[in-house]
Structures are given as structure tokens and as C-alpha cells.
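Structure first, then comments.
Reckoned from all heavy atoms, side chains included, excluding hydrogens, waters and symmetry mates.
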Amino acid sequence: MKRWLLLVVIALFLLSLAVGPAWWPWRLGNEVGWAIVWELRVPRATLGLLIGGVLGLSGAVLQGWLRNPLAEPGVIGVSACAGFAAVCAFYSGLAAVFSLALPLAGVAGAAIAVALLMAAVRSGAGTVSLLLMGVAINAIAAALISLVLALSPNPFAYQEISLWLAGSIVDRDLRYLAIAAPFMILGAAIVLGAGRWLDALSLGEDTARSLGADTKSLGLRLTLGVGMMVGAATSVAGIIGFVGLIAPHLIRSRVGFRPGATLVPSMLVGAALVLAADIAVRLLPTSYELQLGVVTSLVGAPFLVRAVRKARAAWLAA
């Protein structure tokens with residue numbers, strides 16, 4: 001299955017390089033065509049690949065760690081904190097003066113959320129307490145974002161902030177990729193080696209400890225890895241929801257419902273979902289490109305309703 005998913009991702013990546021106002025741009029000539037490819041399409045396609053991959057991987061990690069099939073990256077508050085920091089960069093005018101202030105602020109906001117979560121893990125908070133703290137961080141950051149929007153000095157700033165929060169990878173150049181990619185790759189490397197301990201946690205924390213798992217160290221490791229991935233993705237693309245929720249569900253039944261076995265397939269499915277959604281926004285007959293987060297939400301919201309109904313039916317049957 002991994003081989004087929006990888007082939008799908010590669011095909012979508014190549015299609016992403018070809019699709020846009022100028023189809024097959026490398027055919028336009030040596031200078032113009034390759035400038036479009038290398039300066040616009042390659043950063044966009046690569047960011048779509050990485051962002052989708054880390055969101056899908058983060059969703060699989062969180063659902064396995066928290067033992068909750070409805071967990072997704074936004075639930076721990078890292079996305080919201082990164083978004084709030086980026087909004088502050090907009091509001092203060094830093095984003096207008098320094099183009100990279102936006103992604104750098106997003107990374108800093110994510111780091112604050114990760115530090116708070118890691119402090120909770122060090123204090124011995126269980127997965128339920130950690131989940132509740134993530135919800136609290138999310139709510140506070142969302143309230144602060146609303147406050148900043150309400151105080152925005154002009155309607156143009158309000159519109160720009162709102163569009164950024166909706167999620168997009170349009171006009172992201174190689175500098176954005178250079179800022180976000182190291183964090184996403186390092187975060188993925190941190191969590192990918194934890195698959196067997198996620199399998200152990202699926203049997204309960206006490207059982208995992210009896211099998212040799214250091215649940216506190218594991219919690220710190222997963223918090224750091226997920227925080228780095230989600231924070232870096234949010235810092236350059238805004239909030240792209242539901243990818244981390246959908247990706248693990250699409251492949252879980254095909255890997256025997258083992259949390260560790262869902263990690264790499266979820267990463268590939270997440271990459272395919274974001275690349276496909278980004279291609280779709282370029283092909284839709286609209287005056288302006290829809291925000292990427294709008295498309296993923298339109299697909300993900302009905303999926304969430306279906307997942308909730310399925311979980312409720314299973315609970316009633318038990």
C-alpha cells in the first residue's frame with residue numbers, strides 16, 4: 001500500500017508543477033518557463049507535500065497517543081498559537097516591513113505552545129489533562145485572534161488577516177520553504193521512531209509501562225515533534241484544518257488498526273490530500289483562487305460528522 005500511495009503523491013506533485021494559469025510552463029521558453037517552475041511552482045508543490053505530510057502524520061500520532069479517533073493537530077493549540085503570533089505580525093506592521101516576519105512569528109508562537117504543553121507533560125499530566133490543556137490553549141489563542149481582528153486598524157488589514165488564517169500556499173517562495181522545512185523534517189524524524197510505543201499505549205498506559213515504555217519521556221518526545229511540525233506548517237500556510245483528522249481514518253482499517261502502522265501511510269495520504277486540494281483550487285472556475293483551508297474544511301467537515309456518528313453508533317452497540 002505504501003508503494004501505491006507514494007506513486008500517487010509523486011504523480012500529484014508533478015501535476016502541481018504543471019497546473020496553473022500557464023499550463024506546462026517549461027514549454028514557454030528557457031527563461032520564462034523555468035522561472036515559473038522554479039520560483040513559483042516548486043516551492044508551492046514542495047510546501048503542499050511537506051505540509052500535508054506532517055499534518056497527516058501529526059493526526060496519526062495524536063489519535064494513537066491520546067487514544068481518541070477524533071484528535072487532530074489543531075486540538076492541542078499549537079496551530080492557534082502560531083496563528084495568533086502571525087496575526088500579531090500583521091497587526092504590528094512587521095509583515096509589511098519584513099516579508100519573513102510572518103513565518104518567523106508563527107514559529108515563535110508555536111514554540112510557546114509547545115513549551116506550555118511540555119511543561120504539562122513534565123508535571124505528570126495524563127493524556128486527558130493534556131488534551132484539556134490543549135483545548136484551553138486553543139480557546140485562548142482563538143479569543144486573542146478575534147480581539148486583534150476586532151481592533152484591526154483598517155478593513156484591508158482585517159481582510160488580509162482573515163485570508164491568511166483560512167490557509168493557503170500561494171506566492172510562497174523558496175525563503176518560506178527554507179524556514180519551515182527544517183522544522184517539519186526534524187519533527188517528523190522525532191515522532192516516526194515512536195511507532196512501537198504508540199502500539200503499546202493502545203493497550204493502556206499501565207500496560208505500556210509494563211512493556212518498558214517511559215510514558216513521560218514519550219509524551220515529551222511526541223509533544224515536541226508534533227509541535228514542531230504543526231507550528232512550522234501553520235507559520236507558512238495558515239490554518240489548514242481536517243487533514244490530520246481525515247488521513248489516519250482513510251488507512252487505519254488497512255493496517256490492522258495499529259497506531260504505529262498508520263504513521264507513514266497517514267503521512268502519504270495527508271500529502272496527497274493537500275496536493276490534490278491545492279490543484280483543485282487552481283482548476284475551479286472562480287474569479288480568485290479559493291483558500292486551501294476552505295477546500296479541506298468543505299471536505300473534512302462532513303467526514304467529521306460521519307466519524308462522530310460512527311463512534312456514537314459503536315458506543316451504543318457496546
Other residues, nucleotides, ligands: >12 heavy atoms within 6.0 Å of Phe183 CZ: no
- prompt: Does the side chain of Leu14 reach to within under 4.5 Å of the side chain of Ile10, using non-hydrogen atoms?
  reply: yes
Minimum-distance pair of heavy atoms, taken over all atoms of Ala194 and Leu218: CB-CD1, 3.9 Å
- prompt: Which heavy atom in Ile239 sits nearest to a heavy atom in Thr234, and how many Å separate them?
  reply: CG1-CG2, 4.1 Å
- request: Go through the steps to decide whether Val107 and Met228 satisfy the test side-chain contact (heavy atoms from CB on, under 4.5 Å), and finish with yes or no.
  value: CA-CA 8 Å; Val107 170; Met228 291 176 69; over 6 Å; no
Verdict with reasoning, Leu62 to Glu72, per side-chain contact (heavy atoms from CB on, under 4.5 Å): CA-CA 6 Å; Leu62 290 173; Glu72 57 100 20; 5.9 Å; no
task: Might you point out which heavy atoms bring Leu55 and Val243 nearest each other, and give the distance in Å?
output: CB-CG1, 4.0 Å
field: Heavy-atom pair with the smallest gap, counting every atom of Pro265 and Ile251
entry: CB-CD1, 3.9 Å
- request: Decide yes or no for Leu40 and Asp173: does some side-chain heavy atom of the first lie under 4.5 Å from some side-chain heavy atom of the second?
  value: no
query: Would Leu149 end up clustered with Leu94 when hydrophobic side chains under 4.5 Å apart are linked, directly or stepwise?
result: no
- request: Would you indicate whether the side-chain heavy atoms of Leu163 and Ser168 approach each other to under 4.5 Å?
  value: no
From Ile137, Leu117, Val226, residue fulfilling side chain to side chain contact (heavy atoms under 4.5 Å, CB included) relative to Val78: Leu117
Interatomic distance, Ser217 atom OG to Leu222 atom CG [nearest 0.5 angstrom]: 10.5 Å
- prompt: With hydrophobic residues grouped by side-chain heavy-atom distances under 4.5 Å, do Leu290 and Leu275 end up in a single group?
  reply: no
Reported CG-to-CZ distance for the pair Leu268 and Arg3, which is rounded to 0.5 angstrom: 13.0 Å
- request: Any chance you could lay out the side-chain contact (heavy atoms from CB on, under 4.5 Å) test for His249 and Arg252, step after step, and finish with the verdict?
  value: CA-CA 5 Å; His249 281 273; Arg252 183 171 288 118; 3.7 Å; yes
query: Which heavy-atom pair separates Leu198 from Gly64 by the least distance, and what is that distance?
result: CD2-C, 4.1 Å
- prompt: How many angstroms lie between OG1 in Thr296 and CD in Gln291, if you round to the nearest 0.5 Å?
  reply: 10.5 Å
task: Could you tell me whether the side chain of Arg282 and the main chain of Val19 form a donor-acceptor pair under 3.5 Å?
output: yes
- prompt: Considering only heavy atoms from C-beta outward, does the side chain of Val236 approach that of Leu177 to under 4.5 Å?
  reply: no
message: Does atom CZ (Arg254) have a neighbourhood of more than 12 heavy atoms from anything else shown, all under 6.0 Å?
response: no
message: With clusters defined by side-chain heavy atoms of hydrophobic residues (ILVMFWY) lying less than 4.5 Å apart, directly or transitively, does Leu49 cluster with Val8?
response: yes
- prompt: Between the side chain of Ser16 and the main-chain N/O of Leu12, is any donor-acceptor distance below 3.5 Å?
  reply: no
- prompt: If we only count heavy atoms from C-beta on, is the Leu57 to Ser266 side-chain gap below 4.5 Å?
  reply: no
- request: Test Met267 against Val54 for side-chain contact (heavy atoms from CB on, under 4.5 Å), laying out the working first.
  value: CA-CA 6 Å; Met267 184 167 59; Val54 299; over 6 Å; no
message: Testing the basics here: between Gly219 and Thr223, what is the closest heavy-atom pair and its distance to 0.1 Å?
response: O-OG1, 2.7 Å
query: Is any side-chain heavy atom of Ile112 closer than 4.5 Å to a side-chain heavy atom of Cys81?
result: no
- line: Here the gap from Ile51 atom CD1 to Leu273 atom CG, rounded to the nearest 0.5 Å, amounts to 13.5 Å
- prompt: Under 4.5 Å between side-chain heavy atoms, hopping through other hydrophobics if needed: is there a path connecting Leu50 to Val281?
  reply: no
- prompt: Do Met229 and Val191 have side-chain heavy atoms sitting under 4.5 Å apart?
  reply: yes
task: Would you give the length of the straight line joining atom CZ of Phe84 to atom CG of Leu144, rounded to the nearest 0.5 angstrom?
output: 4.5 Å
task: Say whether, by atom type as modelled, one donor and one acceptor occur between the side chain of Arg172 and the main chain of Val170 under 3.5 angstrom.
output: yes
query: Would you say the side chain of Val264 lies within less than 4.5 Å of the side chain of Lys2, judging by non-hydrogen atoms?
result: yes
message: Just verifying a value: how many Å separate Thr46 OG1 and Tyr176 OH, rounded to the nearest 0.5 Å?
response: 16.0 Å
field: Within one Ile-Leu-Val-Met-Phe-Trp-Tyr cluster: Val61 and Val135, side-chain cutoff 4.5 Å
entry: yes
